[in-house]
Amino acid sequence: MNTETLTMGKAVGNEAVASRGYAAMDSKSALAQFQFKRRPVGEHDVLIRIKYCGVCHSDIHQARNEWNGSKYPMVPGHEIVGEVSAVGNAVTKFKVGERAGVGCMVDSCRKCDACVAGEEQYCKDTVWTYNSPEGHIGTVTYGGYSDNIVVDENYALRISDDADLASTAPLLCAGITTYSPLRHWNVGPGMKVGVVGLGGLGHMGVKLAHSMGADVTVFTTSKGKAEDARRLGADHVILSTDPDAMKAQAGTFDFILDAVSANHDIDALLAMLKQDRHMVVVGLPTRPHALYAGSLISGRKTLSGSGIGGIKETQEMLDYCAKNRIGSDVEVIPIQKINEAYERTVKGDVKYRFVIDMSTL
Ligand code: NAP
Ligand code: ZN
Ligand code: ZN
């Protein structure tokens with residue numbers, strides 16, 4: 001089925017949906033144009049015409065097979081926003097013409113404890129938006145660096161009509177990945193919170209923690225980001241490469257959110273926590289971190305991890321951001337600049353998220 005042939009209103013297709021996008025053909029070469037098919041629009045599916053897609057560092061890790069297990073061709077992209085262009089007969093959540101978003105997941109088992117609790121990201125059968133087996137047509141799932149996506153309505157998110165679409169796209173991963181741990185560990189007024197790494201995730205962590213009333217400190221390796229950090233909502237900035245600055249703040253933090261994409265000194269950050277407090281890693285570098293047990297023992301500290309957020313919480317976060325006028329700081333690029341954007345992201349040269357304008361495809 002060609003998307004242009006879908007009529008307005010309810011529709012169930014029986015033909016695969018033709019899609020165009022950009023794909024990594026292997027772990028080494030540049031992303032390039034790619035044509036492929038998505039499953040027909042099923043009874044519970046919506047077809048979304050993609051308008052913008054954010055560029056997450058996880059896309060780069062996976063396109064380059066840095067986590068192993070990458071399947072090619074791979075169409076990355078899990079910060080997807082657009083407009084519904086067709087709906088299956090049983091769809092009730094969306095109408096044609098409405099805005100919709102898709103994050104990192106497009107399905108899960110729906111039965112396990114995690115799914116029942118609305119934490120589908122911890123289901124052992126989560127179907128990721130790309131690089132997962134596609135149960136319907138036997139391919140892999142293809143992500144949002146493309147003109148459209150077919151997704152079950154239960155895994156699509158509502159997007160406010162008032163929100164700026166380009167700066168909303170990164171909320172679907174960077175937003176929820178930082179919102180979820182901040183909520184889980186009850187970050188709020190009276191808490192001194194550290195955010196480590198001022199990248200796509202980190203800058204959302206700063207905005208969100210600030211909006212929740214915390215006193216926010218950014219730990220950065222980039223001296224040049226200090227002014228931006230304050231503009232984004234940080235009360236303080238610490239250059240993590242300055243041992244004296246680190247020492248001066250040791251033992252003063254209630255909570256630390258670590259959003260760094262590369263291996264770095266975890267012990268030095270744990271030393272910043274007060275007794276019995278938590279540090280949560282969301283960054284997922286390629287290699288294991290080194291960790292000195294004494295960093296946890298001394299002060300009975302906890303090191304935790306957190307993965308994106310469930311569908312219900314993602315909707316809560318989108319509504320929270322729309323209400324509080326929070327969006328990502330974005331640099332919108334044409335899709336032809338995607339390979340350059342990858343290089344610049346790896347170098348830390350992005351303020352603070354690249355978002356692809358899909359009309360340029
Ligand atoms: P990003 O935009 O590239 O930001 C990463 C930041 O980490 C950089 O801006 C930099 O901040 C800091 N950094 C980079 N290299 C460093 C090094 N060698 N030492 C210390 N700091 C360094 O990446 P992102 O898109 O925010 O993603 C961050 C990480 O989270 C990635 O590993 C990604 O795969 C992962 N992720 C996890 C989840 C989850 O569910 N847990 C979801 C999405 C992404 P400064 O310049 O301020 O130092
Ligand atoms: Zn992501
Ligand atoms: Zn499940």
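Source: prediction; values computed, not measured. Indexing begins at 1, ligand by ligand and atom by atom, following the structure's order.
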task: Kindly identify the option in Ser180, Ser240, Ser261, Ser222 whose heavy atom sits closest to atom 5 (C) of ligand 1.
output: Ser261

Would you say the side-chain atoms of [X] pair up with the backbone N or O of [Y], donor to acceptor, closer than 3.5 Å?
| X | Y | result |
| --- | --- | --- |
| Asp329 | Lys351 | no |
| Gln121 | Met105 | no |
| Ser160 | Asp162 | yes |
| Arg344 | Tyr342 | no |
| Arg99 | Ala163 | yes |

Ligand 1 atoms in contact with [X] (distance to a heavy atom under 4.0 Å):
| X | value |
| --- | --- |
| Gly197 | 11 (O), 47 (O) |
| Arg353 | 24 (P), 25 (O) |
| Leu198 | 9 (O), 11 (O), 45 (P), 47 (O) |
| Thr345 | 3 (O) |
| Ile308 | 39 (C), 40 (O) |
| Ala259 | 5 (C), 28 (C) |

What I want to know is whether [X] and ligand 1 share at least one N or O pair that is separated by under 3.5 angstrom.
| X | value |
| --- | --- |
| Ser58 | yes |
| Cys56 | no |
| Cys173 | no |
| Pro285 | no |
| Thr220 | yes |
| Val260 | no |
| Gly202 | no |

Quick test: of every protein heavy atom, which one is nearest to [atom], and how far off is it to 0.1 Å?
| atom | value |
| --- | --- |
| atom 42 (C) of ligand 1 | Thr177 OG1, 3.3 Å |
| atom 26 (O) of ligand 1 | Leu201 N, 2.8 Å |
| atom 3 (O) of ligand 1 | His57 ND1, 2.6 Å |
| atom 4 (O) of ligand 1 | Gly199 CA, 3.3 Å |
| atom 20 (C) of ligand 1 | Thr221 CG2, 3.5 Å |
| atom 2 (O) of ligand 1 | Gly200 N, 2.8 Å |
| atom 10 (C) of ligand 1 | Lys225 NZ, 4.2 Å |
| atom 15 (N) of ligand 1 | Ala262 CB, 3.7 Å |

query: Heavy-atom distance under 4.5 Å between the side chains of Phe354 and Ile333, does that happen here?
result: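 In contact.
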
field: Sub-4.5 Å side-chain heavy-atom contact between Met279 and Lys301
entry: no

field: Pair Tyr130, Asp59: side-chain N/O donor-acceptor within cut-off below 3.5 Å
entry: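 Their side chains do contain a donor-acceptor pair, which is all the 3.5 Å distance test asks for.
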
field: Distance-only side-chain donor-acceptor flag, Glu343 / Asn339, under 3.5 Å
entry: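 Side-chain D/A pair, Glu343 to Asn339: absent.
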
query: Does NZ or CZ of Arg183 lie under 6.0 Å from the centre of the six-membered ring of Tyr320, at an angle within 45° of the ring axis?
result: yes

field: Over-ring placement of Arg158 relative to Phe94, 6.0 Å and 45° cut-offs
entry: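 Judged by the rule, Arg158 and Phe94 form a cation-pi pair.
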
query: Can you give me the SG-the Zn ion (ligand 3)-SG angle for Cys115 and Cys109, to 10°?
result: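 Output for this angle: 120°, rounded to tens.
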
query: Rounded to 10 degrees, what angle sits at the Zn ion (ligand 3) between Cys112 SG and Cys123 SG?
result: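 Vertex at the Zn ion (ligand 3): approximately 120°.
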
- prompt: Are Met317 and Phe255 grouped together when hydrophobic residues (ILVMFWY) are joined by side-chain heavy atoms under 4.5 angstrom apart?
  reply: yes

query: What N/O/S atom of His78 is the closest to the Zn ion (ligand 2)?
result: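 When I compare the N, O and S atoms of His78, NE2 is nearest to the Zn ion (ligand 2).
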
- prompt: At a non-hydrogen distance cut-off of under 4.0 Å, which region of Ser306 contacts ligand 1 (side chain, backbone, both, or neither)?
  reply: backbone

task: Verify the distance test for Cys173 against the Zn ion (ligand 2): any N/O/S atom under 2.8 Å, yes or no.
output: yes

Check if [X] has a non-hydrogen atom at a distance under 4.0 Å from any atom of ligand 1.
| X | value |
| --- | --- |
| Ala174 | no |
| Trp67 | yes |
| Gly307 | yes |

task: Measure the OG-CD1 distance between Ser146 and Ile80 for me, rounded to the nearest 0.5 Å.
output: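 Between atom OG of Ser146 and atom CD1 of Ile80 there are 6.5 Å.
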
